[in-house]
Amino acid sequence: MKYYKLSHDLRMGKKYPQVDCLCPFTASQISPWNKLLRNPDLKFKLKKGAIMSDYISTTAGPGCDMLISPELYDCIRLFNVMPYQVFPALIDANKDIREYLWLHLYGLPFVDLIDYKKSSFIRTEWTIPQDSIALESFSQYQQLKSQDKTGAFGVTFDSLTLRGCLITNVNNK
């Protein structure tokens, strides 16, 4: 049985992101709010010095989507996961073409499960953590985001409570 801990581990010479997207316009059109009507044609190139893994870090597409191996997907599909779609994605790993999967998570049900009062959030600028921020709802986040004309404003979490389930962000520690 395999066990997974999902993280962008930058130790031991690993690169972030591990791949360059060869179709950035296509990836930028993927909306985290909607089911896709057709399969996007996604292709990536492994960066020099990057190591192949079951979870490939990429800056392409929405931050909630994942570039994963078929083996990791076999593990994920056994769990109750928010609405998702899976699409083929190709990775050029030094002339060795690897078939991976793009896991597209979409829809708002996830934000409706958050207990905002029991969760702790961190304001970000261009994804760089800044300071703590209190959020009462996803609507409040959307309002704050719409006020930012530069696109720098964002939010990540330190701890997230989903209907009695605590999740801690190990990447912020």
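For K35, there are no salt bridge (charged side-chain N to carboxylate O under 4.0 Å, His left out) partners, not counting sequence neighbours. In this structure, N94 has no side chain to side chain donor-acceptor pair (under 3.5 Å) partners at least two apart in sequence or on a different chain. Partners of D74 under the salt bridge (charged side-chain N to carboxylate O under 4.0 Å, His left out) rule, at least two apart in sequence or in another chain, are R77.
In this structure, K95 NZ and L46 CG are separated by 12.5 Å, a value rounded to the nearest 0.5 Å. Here OH of Y84 is found 9.5 Å from CG of L105. Values are rounded to the nearest 0.5 Å. The CD atom of E125 sits 8.5 Å away from the CG atom of D131 when rounded to the nearest 0.5 Å. Atom-to-atom distance recorded for S132:OG and D158:CG is 7.5 Å, nearest 0.5 angstrom. Atoms OG1 and CG, on T26 and L42 in that order, are 7.0 Å from each other to the nearest 0.5 Å. Note that CG of L103 is 4.5 Å distant from CD1 of I68, once rounded to the nearest 0.5 Å.
Across all their heavy atoms, H104 and D65 have their closest contact at ND1-OD2, 2.8 Å. The shortest non-hydrogen separation linking P62 to A27 is CD-O, 4.3 Å. Minimum heavy-atom separation, P40 to I30: CG-CD1, 4.3 Å. Pairing each heavy atom of A89 with each of L67, the nearest pair is CB-CD1, 3.7 Å. In plain terms, the two heavy atoms of Q18 and S57 that are nearest each other are OE1-N, 2.7 Å.
Heavy atoms of other residues, nucleotides or ligands lying less than 6.0 angstrom from NZ of K45 number more than 12.
I97 forms part of a hydrophobic cluster together with L90, judged by ILVMFWY side-chain heavy-atom separations under 4.5 Å.
Not a single donor-acceptor pair under 3.5 Å links the side chain of S159 to the backbone N or O of S119. In this structure, Q140 contributes its side chain and E136 its backbone to a donor-acceptor pair below 3.5 Å.
Note on F79 and L72: same hydrophobic cluster, where clusters join Ile, Leu, Val, Met, Phe, Trp and Tyr whose side-chain heavy atoms are under 4.5 Å apart, directly or indirectly. One hydrophobic cluster holds both L78 and V86 under the rule that ILVMFWY side chains link at heavy-atom gaps under 4.5 Å. Using a 4.5 Å cut-off between side-chain heavy atoms of Ile, Leu, Val, Met, Phe, Trp and Tyr, with links allowed through other members, L101 and L22 fall into different hydrophobic clusters. Connection of I133 to Y116 is established within a shared hydrophobic cluster, with ILVMFWY side chains joined at heavy-atom distances below 4.5 Å, either directly or through further cluster members.
Classification of the W102-F44 ring pair by plane angle, with boundaries at 30° and 60°, yields parallel.
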Give every donor-acceptor pair under 3.5 Å between a side-chain atom in residues 147-155 and any protein atom, sequence neighbours left out.
residue	atom	partner	partner atom	Å
D148	OD1	T150	N	3.2
D148	OD1	T150	OG1	2.7
D148	OD2	G151	N	3.1
D148	OD2	A152	N	2.7
D148	OD2	F153	N	2.6
K149	NZ	S146	O	3.3
T150	OG1	A152	N	3.2

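Between D20 and K47, at least one side-chain nitrogen of the basic residue sits less than 4.0 Å from a carboxylate oxygen of the acidic one, meeting the salt-bridge criterion. Under a 4.0 Å N-O distance rule, the pair K117/D115 does not qualify as a salt bridge.
A side-chain donor from one of D54 and S69 sits under 3.5 Å from a side-chain acceptor of the other. A donor and an acceptor atom, one from each side chain of Q130 and T124, are nowhere located under 3.5 Å apart.
Residues L135 and F121 form a side-chain contact, since some pair of their non-hydrogen atoms from C-beta on lies under 4.5 Å apart.
Here salt bridge (Lys or Arg N to Asp or Glu O under 4.0 Å) pairs that include residues 78-90, with residues two or more places apart or in two chains, number zero.
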